[in-house]
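Below: the structure, in C-alpha cells.
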Amino acid sequence: MDFSMVGPALALGLSAIGAAIGCGMAGMTSHGVMSRVEEGHAKFLGLSAVPASQMIYGFVLMLLLSQSVKAGGVSALSAIAIGGSSGAAIMVAAIYQGMCCVSAIQAVAKKPSVFGKTFVAIGIVESFALFAFVFALLLI
C-alpha cells in the first residue's frame with residue numbers, strides 16, 4: 001500500500017475542513033444580522049469569507065508537499081507528520097478565525113464604525129495559520 005500522498009491530502013483536507021467551519025459559522029451569523037440590519041450587508045458577507053484564506057495555505061502546501069514526496073526530498077512518513085500537523089494548525093486557526101469573524105459581524109451590526117478595528121484580532125489569528133504554513137515549507 002502506498003502512503004506517499006497521505007501527508008499532502010491531510011494538509012489539504014484539514015485546512016478545507018477548518019475553512020468550511022469558519023466560513024460556515026460567520027456566514028450563519030451574517031445571515032442572522034442581515035435580517036435585522038438594513039444596510040452594510042457587504043461588510044458582513046466579506047467578514048464571513050475571511051476564513052477561506054486558510055484553504056489557500058492548505059492547497060499550496062498540498063501541491064508543494066506532493067512534489068517533494070514525488071521527487072524523493074521528503075519521505076512518506078515525514079510528509080504525514082508535516083501535512084498532518086500543519087494541516088491541523090491551519091484548521092484550528094480557520095475555526096477560531098471564524099469565531100473572530102462572528103464577533104466582528106455582531107460588533108459591526110451594533111456599531112459600524114468598529115469595522116476596521118475588528119481586523120486586528122482576525123489578522124492575529126490569520127498569522128498563526130501563516131506561521132504553520134511557512135514553517136511547513138521550511139521543513140519540505
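Throughout, numbering of the chain's residues begins at 1 and tracks the sequence.
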Inset, instruction - Mind listing the closest non-hydrogen atom pair of Val74 and Ala79 along with its distance? - result: CG1-N, 3.6 Å
Inset, instruction - Only pairs at least two apart or in different chains count here, so list each ring pair (Phe, Tyr, Trp, His ring centres under 6.0 Å) that has a residue in residues 4-38. - result: none
Inset, instruction - Decide whether Met91 and Ile124 are clustered together by the hydrophobic rule: side chain heavy atoms of Ile, Leu, Val, Met, Phe, Trp, Tyr closer than 4.5 Å, transitively. - result: no
Inset, instruction - Report yes or no: do Val102 and Val120 belong to one cluster of Ile/Leu/Val/Met/Phe/Trp/Tyr joined by side chain heavy-atom distances under 4.5 Å? - result: no
Inset, instruction - Just grab all the side chain to side chain donor-acceptor pair (under 3.5 Å) pairs involving residues 32-48, residues at least two apart or on different chains. - result: none
Can you give each donor-acceptor pair under 3.5 Å made by side-chain atoms of residues 3-27, sequence neighbours left out, with the distance rounded to 0.1 Å?
from	atom 1	to	atom 2	distance (Å)
Ser4	OG	Asp2	OD1	3.0
Ser4	OG	Asp2	OD2	3.0
Ser15	OG	Ala11	O	2.9
Ser15	OG	Leu12	O	2.9

Legend entry - Partner set under side chain to side chain donor-acceptor pair (under 3.5 Å) for Ser53, not counting sequence neighbours: Glu126
Inset, instruction - Check the hydrophobic clustering (I, L, V, M, F, W, Y; side-chain heavy atoms under 4.5 Å; chains of links allowed) and say if Leu77 and Ile82 are grouped together. - result: no
Show me the donor-acceptor pairs within less than 3.5 Å that the side chains of residues 63-71 make with the rest of the protein, sequence neighbours left out.
from	atom 1	to	atom 2	distance (Å)
Ser66	OG	Met62	O	3.0
Ser66	OG	Leu63	O	2.9

Legend entry - side chain to side chain donor-acceptor pair (under 3.5 Å) involving Ser103 - partner list, sequence neighbours excluded: none
Legend entry - Sequence neighbours excluded, every pair satisfying ring pair (Phe, Tyr, Trp, His ring centres under 6.0 Å) that has a member inside residues 53-91: Tyr57-Phe133
Inset, instruction - If a pair satisfies side chain to side chain donor-acceptor pair (under 3.5 Å) and one of its residues is in residues 129-140, list it, with sequence neighbours excluded. - result: none
Legend entry - Connected via hydrophobic side-chain network under 4.5 Å: Val134 and Val60: yes
Inset, instruction - Would you mind listing the cluster partners of Met34? Hydrophobic ones only (ILVMFWY), side-chain contacts under 4.5 Å, chaining allowed. - result: Val33, Val37, Phe44, Leu45, Leu47, Val50, Ile105, Val108, Val114, Phe115, Phe119, Ile122
Legend entry - Ile90 CD1 to Leu130 CG distance, which is reported to the nearest 0.5 Å: 9.0 Å
Inset, instruction - Would you mind listing every ring pair (Phe, Tyr, Trp, His ring centres under 6.0 Å) that reaches into residues 60-109, with sequence neighbours excluded? - result: none
Legend entry - Contact summary for Pro51 and Gln97, nearest pair of heavy atoms: CA-OE1, 3.3 Å
